[in-house]
Amino acid sequence: MTARAQVVLDADFLSAFLKIEQLPLVREFFGVEDLLFPPAVLREISVTDLLLRLAVIPGIHLQSPDPKKIQVLRSEGAFSLLGAGEQEAIALSLELASSVLLMNDNRAGQIATRLGVEVINVPGFLLACKASGSISQKQIAELVSALKEKDHYGFRKDALDLLLS
C-alpha cells in the first residue's frame with residue numbers, strides 16, 4: 001500500500017485496535033508517523049477504560065475538523081443522522097489531502113464514501129494487510145481471534161473465509 005498523507009480513526013476502529021494493542025500495525029501498514037482522530041471520538045473513548053491505553057500510545061493525535069464544514073455537511077439528511085464521532089471523522093477526512101478513514105459502521109461508511117472519503121473497515125484493513133504480505137497468515141488468524149475475544153467483533157462469513165484462506 002502506498003503511503004498516505006493522513007489516516008483518520010473513528011471510535012469503533014480505534015477502540016477495536018486499542019483493545020488488541022495493534023495501533024502500531026495501522027501506522028506501519030499505511031507508512032505514516034501519525035494517526036488522527038477528532039474530539040468527538042475522544043469523548044466516546046473517554047467513557048471507557050481505553051482512554052488510559054490511548055494516552056500512552058505515541059503517534060496518535062487529536063485534530064479538530066472545521067465546525068463550518070460539519071454544519072454544511074449536516075444539511076445532507078443522512079449525514080445529520082450519524083453520531084458526532086462519525087460526523088467529525090468524516091469531516092476531518094474531507095479536509096485532509098489523500099486521507100483514509102478507518103471506520104466500521106456500514107451506514108456511516110456508505111455516507112462517507114458517497115461524500116468522496118476513502119473508507120476501510122476492519123475486515124478490509126486485514127485483507128489489505130494479507131494481500132500486501134505485510135503480515136503472515138498466522139498473524140491474520142491471531143488478529144481475527146483477538147478481535148473476536150477482546151472486542152466481540154463479528155466477522156461476516158465471506159470476509160472470515162477470505163481472511164483465513
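We count residues from 1, following the sequence as given. Bear in mind that the values here come from a model prediction, so they are computed numbers and not experimental data.
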How about [X] and [Y]: do any of their side-chain heavy atoms sit closer than 4.5 Å?
X    : Y    : answer
F13  : I120 : no
E28  : C129 : no
R107 : L82  : yes
F17  : V122 : yes
F37  : I45  : no
P65  : P39  : yes
I90  : L101 : yes
R53  : L23  : no

Could you tell me whether a side-chain N or O of [X] sits under 3.5 Å from a main-chain N or O of [Y], the two making a donor and an acceptor?
X    : Y    : result
K130 : L162 : yes
S145 : A141 : no
Q22  : L143 : no
N121 : N106 : no

Going by salt bridge (Lys or Arg N to Asp or Glu O under 4.0 Å), name the residues that satisfy it together with R43, two or more places apart in sequence or in a different chain.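 Partners of R43 by the salt bridge (Lys or Arg N to Asp or Glu O under 4.0 Å) criterion, ordered by chain and then number, come out as E88.
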Just verifying a value: how many Å separate [X] [atom1] and [Y] [atom2], rounded to the nearest 0.5 Å?
X    : Y    : atom1 : atom2 : result
E142 : Q137 : CD    : CD    : 11.0 Å
I20  : E149 : CD1   : CD    : 11.0 Å
E86  : M103 : CD    : CE    : 5.0 Å
I140 : L126 : CD1   : CG    : 5.0 Å
L73  : F79  : CG    : CZ    : 4.5 Å

Please give me the minimum heavy-atom distance between [X] and [Y], naming the atom from each residue.
X   : Y    : answer
A16 : D151 : CB-OD2, 3.4 Å
E95 : S64  : OE1-O, 4.4 Å
K69 : A91  : CG-CB, 4.2 Å
D12 : S15  : O-OG, 3.2 Å

With side-chain contact (heavy atoms from CB on, under 4.5 Å) as the criterion, how do K19 and T48 come out once you've worked through the C-alpha distance, each side chain's angles and the decisive distance to 0.1 Å? CA-CA 11 Å; K19 288 174 186 173; T48 71; over 6 Å; no
Would you kindly confirm whether [X] and [Y] end up in one hydrophobic cluster when ILVMFWY residues are joined by side chain heavy atoms under 4.5 Å apart?
X   : Y    : result
L96 : F30  : no
L50 : L36  : no
L18 : V32  : yes
L14 : V100 : yes
I70 : V72  : no

Please walk me through it: do L147 and F155 pass side-chain contact (heavy atoms from CB on, under 4.5 Å)? CA-CA 9 Å; L147 284 162; F155 288 88; 3.8 Å; yes
Any ion pair linking R156 and D158 (charged N to carboxylate O, less than 4.0 Å)?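 Yes.
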Residue of the set L92, L94, V8 for which side-chain contact (heavy atoms from CB on, under 4.5 Å) holds with V117: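 With V117 as partner, L92, L94, V8 yield a single side-chain contact (heavy atoms from CB on, under 4.5 Å), made by L94.
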Derivation and outcome, side-chain contact (heavy atoms from CB on, under 4.5 Å), residues L9 and V41: CA-CA 8 Å; L9 300 163; V41 167; 5.8 Å; no
Determine, stepwise, if the pair L54 / L42 fulfils side-chain contact (heavy atoms from CB on, under 4.5 Å). CA-CA 9 Å; L54 181 64; L42 177 61; 4.0 Å; yes
